[in-house]
Amino acid sequence: MEHKNKKVKAKREKPRYNMLQNSAWMISTAWHDREKKVIVLSILTAVLAVCSTLINTYITPSILSKVETSAPVSELILTIVIFSLLLIIVSAAQSYVTTNTLYGRISVRMAIVRMLFRKAADTSYSNLWNKKFDKLINQGITYTQGNSTVTEAVWTTLTNLLKNILGFIIYLALLATLEWWIVVVVTATTVAGYLVTRALSSYEYKHREEMEKISKKIWYSVNLARESKNAKDFRLFGMTDWLCDVRDRAFAARRAFASRAKTRIMIASLVNVALAFIRNGIAYVYLIERVIEGGLSASEFLLYFNAVGEFTTWVSGIFDGFATLYEQSLELSIVRETLEFPEPFSLDEGIDLVPDTDGKYEITLENVSFSYPESDKKVLDGINLTLHAGEKLAVVGLNGAGKTTLVKLICGFFDPTEGEIKLNGVNIRKYKRRDYYKMFSAVFQNFSIIADSVSVNVAASRVSIDGERVRECIEKAGLKEKIESLPNGYDTKMNREVYDDAVMLSGGETQRLIFARSLYKNSPVIVLDEPTAALDPISEASLYESYGDMTDGKSSIYISHRLASTRFCDRIILIKDGKIAEEGTHDTLLAAGGTYAELFEVQSKYYRADFKPENESINDEGQDKGE
């Protein structure tokens, strides 16, 4: 049956852990992170808060009782002094506990931050392509970035919940000395007020996804305006008015959302006021009648009336505490699910592998196929390939053919969807994956510059750096003159995002620095995955041949969509539509007259020194003849 204009909401996935389990996890984290004081101080905070309320509840009725019974002045003064001292002691203790609690809570949160950081940095590479993991890790980081986030704020919730439960028990015992129906009326009106307030005030929380979409638009406009890479387009194409319109619309939507939320909060407040009037009115009338009948003294009237108000606070506090804890538990579940996200392969379990730099290793792919997560399309299909020891293998093909995916499989970043990858006849899944990674040194198209010195960038570590080897690798990579000309030489800082005085290398120099890093690692297999794509064809071919000379004797994989760049290799495979379409040397593939030969013919003009762009005539001096 068709239902028009009906919105179907996706059923929300049930969290893996409940409130009790998540509370226990936070307590366990504090305990194992040597922050047991957080637990103790939270309990003390709750107890002291209840003590403070009790003292304030009893102080005035106690003084009034002395006056009513015409007690001696000394006894009256003593009562005042005792209560004053109790207030001072409790207040001082609360200040001490509050101050010392903060640092411990921050330490526990930072322990969770470290766990998330380790998970993000150390998780299986394939998880980075998993949309669910990507969403979880982003949410997990959000829930740990600040004192108000759940991993710290939950301690306040647990403390308040404990405080309210203790207060509820004590004041319930106090009110139980009155008529039972008074307790029922007070409890019922309090619960009714809470439920109404909760229903109306939770509008913002229930519609948080709508607010998140609005916030995304606001931040999109803000970030777009301040990013320098957009500055030229904004000025040339006059896009400022468009951006301002995007921002204004987003702010208008946020104001409308806030207005709806505030209206509901106002209604909830009015209902709460009405219920409080009814509750206090009934209690007030009942207590006055008891005083008139002689069942209560004025001091007892004041005591019970104050107790009714405090009892209401404890009941509301318990409901608020559990509601807040439930919401926080959902966020804590996400943090825990992120930390416990399954790994497709084990990094530290399996056969030990200690690569020999000069060892002879053969990597074999047997009927390997691969599809990316959440995709049915095969990027690679039925690949059979062997990388022989000491061989220079080129992988070529057009963009999107599957070249980089093939290298990711060989390096162990992904496991094949079908088939096996073997190292010297052993399936690589049997090795510790972290050990298997030691087999490879690589220079990828997208590489990372560490915010540290040149030496640290080459060694990729701050520990036990071999300075002599760093200089040797820099020299082999052709950067010695450049690095030694810098003010601080090999100690020169890189990455201006962190260091204002950092040095910026050119694109080609940066690529050579990354290549020096791969030489420093000195692994049995070298991988170059189009790191020179930004260079012109002639420069790329020259640089690849230089890399080939420097890695002579090692197994090497060279990837490029420019065929001439890899013609020096022992063997070339051409990937097309996820399959190995052609295989051979540069000369045999040209002689075969297939796709490789056709592509080379199209590309070959770019490798001639006399190549001139179409419709442009350049003389020997490089100046336009028309000038």
Side-chain angles (χ1 to χ4, degrees), residues 15-17 21-36 38 103-155 328-350 352-353 373 408 411-415 428-429 431-440 442 444 446-452 456-457 459-465 495 497-498 517 521:
R16 186 180 299 176
Y17 304 102
Q21 290 170 323
N22 286 323
S23 300
W25 181 72
M26 286 299 298
I27 292 169
S28 174
T29 301
W31 189 273
H32 290 103
D33 198 50
R34 291 180 293 181
E35 289 295 342
K36 300 179 181 69
V38 174
Y103 302 109
R105 292 179 179 183
I106 292 174
S107 294
V108 176
R109 176 169 61 83
M110 294 312 298
I112 298 172
V113 169
R114 288 193 297 273
M115 288 189 278
L116 283 170
F117 182 84
R118 172 64 68 177
K119 181 69 174 182
D122 225 20
T123 192
S124 303
Y125 181 84
S126 54
N127 277 346
L128 303 179
W129 291 77
N130 188 306
K131 290 181 180 179
K132 183 177 180 180
F133 179 78
D134 182 62
K135 183 178 180 180
L136 282 173
I137 196 70
N138 286 324
Q139 288 179 314
I141 291 171
T142 300
Y143 297 150
T144 59
Q145 299 302 299
N147 303 106
S148 60
T149 53
V150 61
T151 43
E152 191 172 327
V154 70
W155 292 109
Q328 290 177 333
S329 182
L330 296 177
E331 296 178 355
L332 285 174
S333 285
I334 288 173
V335 172
R336 294 182 67 185
E337 286 173 37
T338 304
L339 294 172
E340 297 163 16
F341 197 85
E343 299 292 344
F345 44 76
S346 174
L347 293 172
D348 299 303
E349 293 179 7
D352 290 328
L353 176 62
K408 289 176 179 177
C411 290
F413 295 140
F414 289 112
D415 278 340
I428 66 171
R429 288 187 66 89
Y431 292 109
K432 291 179 179 178
R433 193 58 60 99
R434 204 183 302 278
D435 283 354
Y436 182 74
Y437 289 152
K438 295 175 184 176
M439 287 285 302
F440 301 90
F444 296 105
N446 298 316
F447 39 75
S448 56
I449 295 297
I450 301 170
D452 213 305
V456 171
N457 267 280
S461 172
R462 296 177 62 91
V463 182
S464 303
I465 297 176
N495 196 322
E497 290 183 15
V498 177
R517 180 189 293 172
K521 188 179 180 185

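- Taken from CZ in Phe133 to CG in Asn138, the straight-line distance is 9.5 Å, to the nearest 0.5 Å.
- The nearest pair of heavy atoms linking Leu116 to Ile141 is CD1-N, 4.1 Å.
- The CZ atom of Arg433 sits 11.0 Å away from atom SG of Cys411, with the distance rounded to the nearest 0.5 Å.
- A distance of 4.5 Å separates NZ of Lys438 from CG of Asp435, quoted to the nearest 0.5 Å.
- Proximity of Leu339 to Arg118: side-chain heavy atoms (C-beta onward) are nowhere separated by under 4.5 Å.
- Checked by atom type and distance alone, the side chain of Asn457 never pairs as donor or acceptor with a backbone atom of Ile449 at under 3.5 Å.
- Residues Ile106 and Glu152 are in side-chain contact: their nearest non-hydrogen atoms beyond the backbone lie under 4.5 Å apart.
- Side chains of Phe117 and Thr144 form no contact here, defined as non-hydrogen atoms less than 4.5 Å apart.
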*Would you please test Arg105 and Val108 for side chain to side chain contact (heavy atoms under 4.5 Å, CB included) and show each step?*
CA-CA 5 Å; Arg105 292 179 179 183; Val108 176; 5.8 Å; no

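- Classification of Asp134 and Lys131 as a salt-bridged pair fails, no side-chain N sitting under 4.0 Å from a carboxylate O.
- Residues that satisfy the side chain to side chain contact (heavy atoms under 4.5 Å, CB included) test with Asp33, not counting sequence neighbours, are Glu35, Ala111, Arg114.
- For Thr338 (side chain) and Leu136 (main-chain N/O), a donor-acceptor pair under 3.5 Å exists by modelled atom type.
- The backbone N or O of Phe341 lies less than 3.5 Å from no partner atom in the side chain of Lys132, so there is not a single donor-acceptor pair.
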*Going through the checks in order, is the side chain to side chain contact (heavy atoms under 4.5 Å, CB included) test met by Val38 and Tyr103?*
CA-CA 9 Å; Val38 174; Tyr103 302 109; over 6 Å; no

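- Here the shortest heavy-atom pairing between Lys521 and Tyr437 reads NZ-O, 3.0 Å.
- Across all non-hydrogen atoms, the minimal contact from Ala460 to Ile450 is CA-CD1, 4.0 Å.
- Between the CZ atom of Phe444 and the NZ atom of Lys408 there is a distance of 8.5 Å, given to the nearest 0.5 Å.
- A salt bridge links Arg16 and Glu340; the closest N-O separation between the charged side-chain nitrogens and carboxylate oxygens is under 4.0 Å.
- The nearest pair of heavy atoms linking Leu128 to Ala120 is CD2-O, 4.4 Å.
- Using a 30° and 60° split on the angle between ring planes, Phe440 and Tyr436 fall in the perpendicular class, above 60°.
- One distance of note links CE of Met115 with OG1 of Thr29; it measures 5.0 Å at 0.5 Å rounding.
- Ala153 and Ser148 make their closest contact through CB-O, 3.6 Å (heavy atoms, listed as atom of the first residue, atom of the second, distance).
- Judged purely by atom type and a 3.5 angstrom limit, Thr151 uses its side chain to pair as donor or acceptor with the backbone of Tyr143.
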